[in-house]
J.: 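Provided herewith is a single structure, encoded as structure tokens, for subsequent inquiry.
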Amino acid sequence: MAFDAGKFAGGRLFIDLDALIANHRALSALVAPAVCAAVVKADAYGLGVLPVSRALSQAGCSTFFVAHLAEGLELRPELPADARIFILNGLPAGAEAACADAGLIPVLNSITQALDWADFAQGRNEKLPAALQADSGMSRLGMAHADLQRLAADPLFTANVDLRLFMSHLACADHAGAQANEDQRRAFEAAAALFPGVPRSLANSGGAFLGAAFHGDVARCGIAQYGGTASDLPGGTLAPVVRLQARVVQTRTVMLGTGVGYGLDFRADAPTRIATLGVGYADGWSRALGGGRGCAWFEGVRLPIAGRVSMDSMTIDLGALEEGVLVEGDWVDLIVGDHGIDDVATAAGTISYEILTSLGRRYERNYLGGNGGEAR
Ligand SMILES: *Cc1c(COP(=O)(O)O)cnc(C)c1O
């Protein structure tokens, strides 16, 4: 077997496909009789779109959402022919043929996109599938009510587009008490009534926890499948999927007053044992975690980051461990079990979505479980 330099990476990721599948099944049960679709945009939130999508497909998931055409084109040949792949960001002008030829389903977000797609379909003499998105109050993607009324009455559109889904997106779904959820739901229902008989989709992961009135026919779940907190309601966090470890590349003891790292920001106030880890901000481990805001874990002991996070490495304070317990070549946890992606996000002043999608390309990636495990 060829030499595998990946085994010597500064960090390693474990992606638990069995936990992913369990989360997908829990969400499916939560939204039933609606269907739980998988949102696998941005490389399945950084976890690897192909292994994640294959595992979910084998677990029975048949509806997938990506953000961009290129993501759909990469995924399409990997899934069974009857799996549906929707392109959330819609179609840039000129991309119609590529989308249609690949059998991808665009989400039409503007009247221009909708009429271009209808026009293109008419030119091919073929009714082409699409989803239609309403802006129900988030003011990001989707059409205003008046544009939807115009489309519903436009024979070019109705004759040439096969509407598979009518959708919108919630701005505050993670806050169950937000009045905006109910306001958006009403606006969505009113818009959906313009297209009777078309399956409906409003909920993301957070929406899945808001009750049946939000489920429609298809829930579009991303973060909850990947173990991130989706809702402030009890049970709003499912099983962790990701474990991240960093390699100890060096250890040293620094004397009182010695500076550590860029800017010498950390100053030892006593003789201090320091370990240098092979993970830095180029691996998605945010500089915001420096200065003790973030930490590593070793057998349940918290080891705070000492000083700034560098590009390829960072230093941690080993003071909480007996000398010799952690040595060069050992591994410490950065994301593990109870110390999960939401804790890291809070420490970094961001959200779990950004922690996951920032995970770098340099980690050794290990896929566990999922009917084939490491072989996939
Ligand atoms: C990203 C996205 C989702 C998934 O959101 P989660 O909060 O990760 O479940 C669903 N719908 C749309 C339109 C999205 O952009």
Side-chain angles (χ1 to χ4, degrees), residues 20 23-24 26-28 30-31 34-47 49 52-53 56 61 63-69 71-72 75 84-91 105-110 113 130-143 164-176 178 180-181 184-185 188 191-192 199-210 214-233 235-239 241-242 340-342 345 350-359:
L20 171 82
N23 289 346
H24 178 76
L27 289 162
S28 297
L30 182 65
V31 302
V35 161
C36 179
V39 179
V40 294
K41 61 193 180 185
D43 199 28
Y45 292 36
L47 302 186
V49 65
V52 162
S53 301
L56 291 172
C61 179
T63 302
F64 295 80
F65 288 85
V66 295
H68 297 292
L69 179 62
E71 295 176 337
L75 180 56
R84 307 187 298 169
I85 304 174
F86 290 92
I87 315 289
L88 287 168
N89 277 22
L91 275 187
I105 309 177
V107 176
L108 305 172
N109 288 312
S110 73
Q113 280 177 17
L132 202 55
Q133 176 149 224
D135 174 18
S136 59
M138 187 176 178
S139 314
R140 186 181 69 170
L141 290 169
M143 284 175 242
R164 300 284 176 86
L165 199 64
F166 188 84
M167 63 172 278
S168 191
H169 192 52
L170 296 167
C172 306
D174 49 337
H175 298 300
N181 294 329
Q184 283 198 264
R185 191 187 69 76
F188 175 69
R200 300 176 183 189
S201 177
L202 178 60
N204 64 338
S205 298
F209 290 88
L210 293 176
F214 287 83
H215 294 162
D217 300 288
V218 177
R220 308 180 306 270
C221 294
I223 197 69
Q225 294 190 131
Y226 307 123
T229 295
S231 171
D232 55 10
L233 290 171
T237 312
L238 301 180
V241 171
V242 176
I341 53 178
D342 281 280
T350 182
I351 54 175
S352 61
Y353 301 69
E354 193 177 30
I355 299 299
L356 288 184
T357 56
S358 300
L359 291 171

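Atoms within a ligand are numbered from 1 in the order they appear, just like the ligands themselves.
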J.: Indicate the atoms forming the closest heavy-atom contact of Gln225 with Cys221, along with that distance.
T.: NE2-O, 3.2 Å

J.: Indicate whether the side chain of Ser231 and that of Asp174 have a donor and an acceptor atom separated by less than 3.5 Å.
T.: no

J.: For ligand 1, which of its N or O atoms have a protein N or O partner closer than 3.5 Å, and how long is each gap?
T.:
residue, atom, partner, partner atom, Å
ligand 1, 7 (O), Asn204, ND2, 3.0
ligand 1, 7 (O), Tyr353, OH, 2.6
ligand 1, 8 (O), Tyr45, OH, 2.5
ligand 1, 8 (O), Ile223, N, 2.8
ligand 1, 9 (O), Ser205, N, 2.8
ligand 1, 9 (O), Ser205, OG, 2.5
ligand 1, 9 (O), Gly222, N, 2.9
ligand 1, 11 (N), His169, ND1, 3.4
ligand 1, 11 (N), Arg220, NE, 2.9
ligand 1, 11 (N), Arg220, NH2, 3.3
ligand 1, 15 (O), Lys41, NZ, 2.7
ligand 1, 15 (O), Arg140, NH2, 3.4

J.: For Ile87, what residues pass the side-chain contact (heavy atoms from CB on, under 4.5 Å) criterion, not counting sequence neighbours?
T.: Val66, Leu104

J.: Hey, can you tell me if Phe65 and Phe86 have their rings parallel, tilted or perpendicular (30° and 60° cut-offs)?
T.: parallel

J.: Could you walk me through whether His169 and Arg220 satisfy the side-chain hydrogen bond (donor to acceptor under 3.5 Å, both in side chains) test, starting with their C-alpha distance in whole Å, then the side-chain angles of each, then the deciding distance to 0.1 Å, before giving a yes or no?
T.: CA-CA 9 Å; His169 192 52; Arg220 308 180 306 270; 3.1 Å; yes

J.: Quick one: CD1 on Ile223 to CD1 on Ile341, what's the gap to the nearest 0.5 Å?
T.: 5.0 Å

